[in-house]
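Inspection log for the structure reproduced underneath, given as structure tokens.
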Amino acid sequence: MKLDSDFLPEKQCIVIDIGTKYTKFGFATEHSPRCIIRTCCEIDGIPIPDIYKCKDAQNLTLALTNFIHILFYKHALIAPKDKKVIIVESLLSPTKFKEILAKVLFITYEVASLCFVPSHCASLFTLGISTALVFDVGYKEAILIPVCEGVPVLRLWQTMPLAGEAVENIIKTRINIGQLSPDESIDSIAEDIKSRTCFVTTLKRSKILESGNTVEPKTTSVEYHINGERSIQIPGDIRETAYDVLFEENIDNMSITTMILEAIVNSNVDTRLKLAENIVLMGGTVMAKGFMARLKEELLEKLKSPNYKNLKIKNFKFHIPPASENYIAWLGGSIFGCTNNLNILSQTRENYINESYVPDWPTTLTRQMIE
Amino acid sequence: MASYMLQKTVTSICTCGLQKLLPDLFFCRHCLTLRCDFCVSHEIDTTYCPHCFENLSSTEAKHKKNRCASCLECPRCFNTLSIRSYSRTSDSKKTPQKMYYLLCLFCNWRSHEPNVPDQPTSSGNWPVYKNPNEARIVDLINYYKSISLKEVFDKQKRSTKNYGRNYMHFLEKFGLNAMMARKRAGLPNFPMDGTGYCTPQISSSEAVENVLELPEDIFEKVVDIKQISTLEQRFATPELQSENVDDLFPIRKHLRVKHSLRCRVCEHNVVKPEYNAVKFKIKHLAYYHVPEIKIIKCEPLLAGKSSSLVLKLCNPAQTPTAVRFEKLNLKAINIVREPRQLEGEDLIAIPKQLPEPIPIVLKLQGDIVVPEGEIKIAARDDTAEYDDTNEVNTDYDDPKYVYWRKGNKVALKFEVKPYENIAKNENVQVGFIMNFMYLDTMSHVMNQKQPQSVLVPIKIVLNLPNS
């Protein structure tokens, strides 16, 4: 049976995933985002590098207005008036941010309806499963929220500031970029070094390197050019150990490995095995070469420690998404946007103006069905 | 000259509360207020390719995913690619065949590199590359669509259960008569209530234990940084994101739009571009209506001492105007003027909810003595530029305030007295209100049939250097 909605000239629906570093933007029903752009904007000519760091409501409003303007008029090339919008957001994103975003979209840009989709649930749409341990390692932090039968289990959430930014900070401290280049480009150079030269080494090699010994075969150094003028050598050990900061345990014995294990330990006995065998990784940082293999190694290693001995888990299984990990949350939002549930779960402009608040969860109670 | 447009020495405060330069502002002739980029609503007028300037309709642009069909961009440096040809003879008897490939004149990238086959036509149906898992995503989309449709059917079924014993309404609702007719004819039933509707099955993703290991040779391999794509290059094609520079494919040029701007309050156009031309149908820029202020002389500023300041006012309008100055009252600065009442078809029945104005935060560092009384400025006359005997009547001018006057320009004397406690090397911010006479020719304003002169107040902030 061919579905009617394939033929209806429906209103275009826009899916936006505003990440700390990169924003994924595109139209629902499409298979990849139209663009992945830096989340940056400017107020009165002064660039704002991180929207999430804007604490002042006034500044945040201006920054978001500017950012949404760039998204719609430079990339989507449609006027946002009377369009449906899906925002894929982390469940832990601040309420104030959400409220201001809703206000900007509804009042300034007059969108028809708005729907906030939790990114952890949305990513499961790309796999066709409903229970998984979803682990999002982005730029600022690693967030773990297990999803059971489509419902996020918030009681088991785990989060650590261990993600792309932490790796970049390691690179910045170990390679003195500041001497070689003006201050404003340090961040982008560190990111470039991270994404182009670094990889996640194996557990065995990491242990040897940590103890100060040399390891065979030695990783080659890379000649890196800064601004096309100077060239520096990026030593092999930095290339392979930069990502190790994610797996190093802090004072509370927490690393991204133990985050996963803690979540499994604290979960219901019946779901433990299922979670361990359905691990979904998303976010840009997990795309680093060897990340998944190392995580698996680390998990199996940690299982032997006394804390997790009681777990009757033999192995861990990972899902391979049908697209790049950095936009699967977006893709989930896009698939969600195809369905009829979008109309039921989104908040309309009229409703927002009458009630002037954004519900915490997508709910059918306050909404009227939109056409 | 470019820096003159950027220097934030003389700024005007827009109706929405942002401080802007005069060239950045618009003037709504209906509301008689300043508008800026932030407080007008933007609409998309036309979509065009920035390289070949072809105009596309909005449906066409939508269909082509906002990409130009003919212009391509280099995936390595994002400059426009040019098409090159060469002749090829596969068989000595046949005439040589012309083949085309793409070349970037900037970085010398050519389309052989990612194995894009050369094309026999110059317009070239350059292939479009897609995610290899495309089919899987299509399956997923269809699956979730049908699930949500099934939910709707189920809900309908549940709601019909409560009708009791009276089945008469079914006759209309499900077209029972038609169903009976089908049954009599021996045809199978329609699954009208979704009972026969089955969702396509998809295999849910299988988790794997053997994840992708690091390649064996990664440690020893000599890495050539030029061969690894940057994030920017990868994100230009989000569906592929290849790490090797050789696997990058040409990108179709992204289109751009011409905006038409509309006042949010009265919904009249402020700026409207002309189709297929670099001109405007409507352009109500503040620059054409509001007298422009320039600083021509400023004595060194000393804390607590007053020094003179000469401002030049230039009337850009074709009608004479007059200006009247007021002191800026910081307490009343955030009171927004009510928009004018329009009538006829311009009457806005239900004013819609507008974005809140931005509270103005100003820290003045000095007092300013403004000229008293009304100062007239002549209309702009383009021919007067070439006229040397440009006699202007200066009889009514008070020499205490008017420094000189020529054509549509007048230089006025102000006095600035910075506060005692100003910091050194910090700009002295002073503000005043300039009311200028605007000849309003709109006839659809409430209680107004004749063109009328209206005083329009504009808040001006000066940032004077203090050395």
field: Pick from A:Phe72, A:Phe199, A:Tyr224 with the largest number of heavy-atom pairs that fall under 4.5 Å of chain B
entry: A:Phe199
- prompt: Measuring heavy-atom distances to chain A, does B:Thr237 have an atom under 4.5 Å in its side chain, in its backbone, in both, or in neither?
  reply: neither
message: I'd like to know whether B:Leu214 forms a side chain to side chain contact (heavy atoms under 4.5 Å, CB included) with A:Val200, so could you lay out the CA-CA distance, the side-chain angles of the two residues, the decisive distance to 0.1 Å, and finally the verdict.
response: CA-CA 8 Å; B:Leu214 266 183; A:Val200 191; 5.9 Å; no
- prompt: Is the side chain of A:Ser195 donor-acceptor paired with the backbone N or O of B:Leu231 at a distance under 3.5 Å, no angle test?
  reply: no
message: B:Glu206 vs A:Lys317, test: salt bridge (charged side-chain N to carboxylate O under 4.0 Å, His left out). Steps then yes/no.
response: CA-CA 9 Å; B:Glu206 282 293 321; A:Lys317 282 183 183 171; over 6 Å; no
- request: Under 4.5 Å, counting heavy-atom pairs only, tell me which of A:Ala132, A:Gly236, A:Pro322 racks up the most with chain B.
  value: A:Pro322
Among A:Thr108, A:Leu62, A:Ile129, A:Val215, residue most engaged with chain B (heavy-atom pairs, under 4.5 Å): A:Thr108
message: A quick test of your reading: do over 12 heavy atoms of other residues, nucleotides or ligands sit less than 6.0 Å from CG of B:Leu212?
response: no
task: Mark yes or no for whether A:Arg196, through its side chain, and B:Ile228, through its backbone, hold a donor-acceptor pair below 3.5 Å.
output: yes
task: Find the distance between CD (B:Glu232) and CD (A:Glu191) and round it off to the nearest 0.5 Å.
output: 10.5 Å
Between A:Tyr22, A:Tyr109, A:Phe291, the one whose heavy-atom pairs under 4.5 Å with chain B are most numerous: A:Tyr22
- request: Check the pair B:Tyr144 / A:Phe336 against ring-ring contact (aromatic ring centres under 6.0 Å, His included), numbers first and verdict last.
  value: CA-CA 8 Å; B:Tyr144 281 108; A:Phe336 174 77; 9.5 Å; no
message: Within a 6.0 Å radius of atom CZ on A:Arg349, are there more than 12 heavy atoms belonging to other residues, nucleotides or ligands?
response: yes
query: Given side chains that start at C-beta, do those of B:Arg256 and A:Leu77 come closer than 4.5 Å, heavy atoms only?
result: no
query: With under 30° as parallel and over 60° as perpendicular, where do the rings of A:Tyr73 and B:His42 fit, or are they tilted in between?
result: tilted
query: Top residue by heavy-atom pair count (under 4.5 Å) with chain A, among B:Leu255, B:Asp37, B:Thr47?
result: B:Leu255
- line: Given A:Arg38, A:Glu277, A:Glu110, A:Lys24, the one with more heavy-atom pairs under 4.5 angstrom with chain B than any other is A:Glu110
field: salt_bridge(B:Glu243, A:Lys289) N-O dist < 4.0 Å
entry: yes
- prompt: Going by heavy atoms in the side chains, are B:Asn66 and A:Arg34 under 4.5 Å from each other?
  reply: yes
message: Please check: side-chain N/O of B:Ser148 versus main-chain N/O of A:Asn340, any donor-acceptor pairing under 3.5 Å?
response: yes
task: Run the salt-bridge test on B:Glu209 and A:Lys296 with the 4.0 Å N-O cut-off and return the result as yes or no.
output: no
field: Lys/Arg cation over aromatic B:Phe219: A:Arg205, 6.0 Å, 45° cone
entry: yes
message: Pairing donors with acceptors under 3.5 angstrom, does anything connect the side chains of B:Glu134 and A:His31?
response: yes
message: If we ignore hydrogens and angles and just use 3.5 Å, is the side chain of B:His254 paired with the main-chain N or O of A:His75 as donor and acceptor?
response: yes
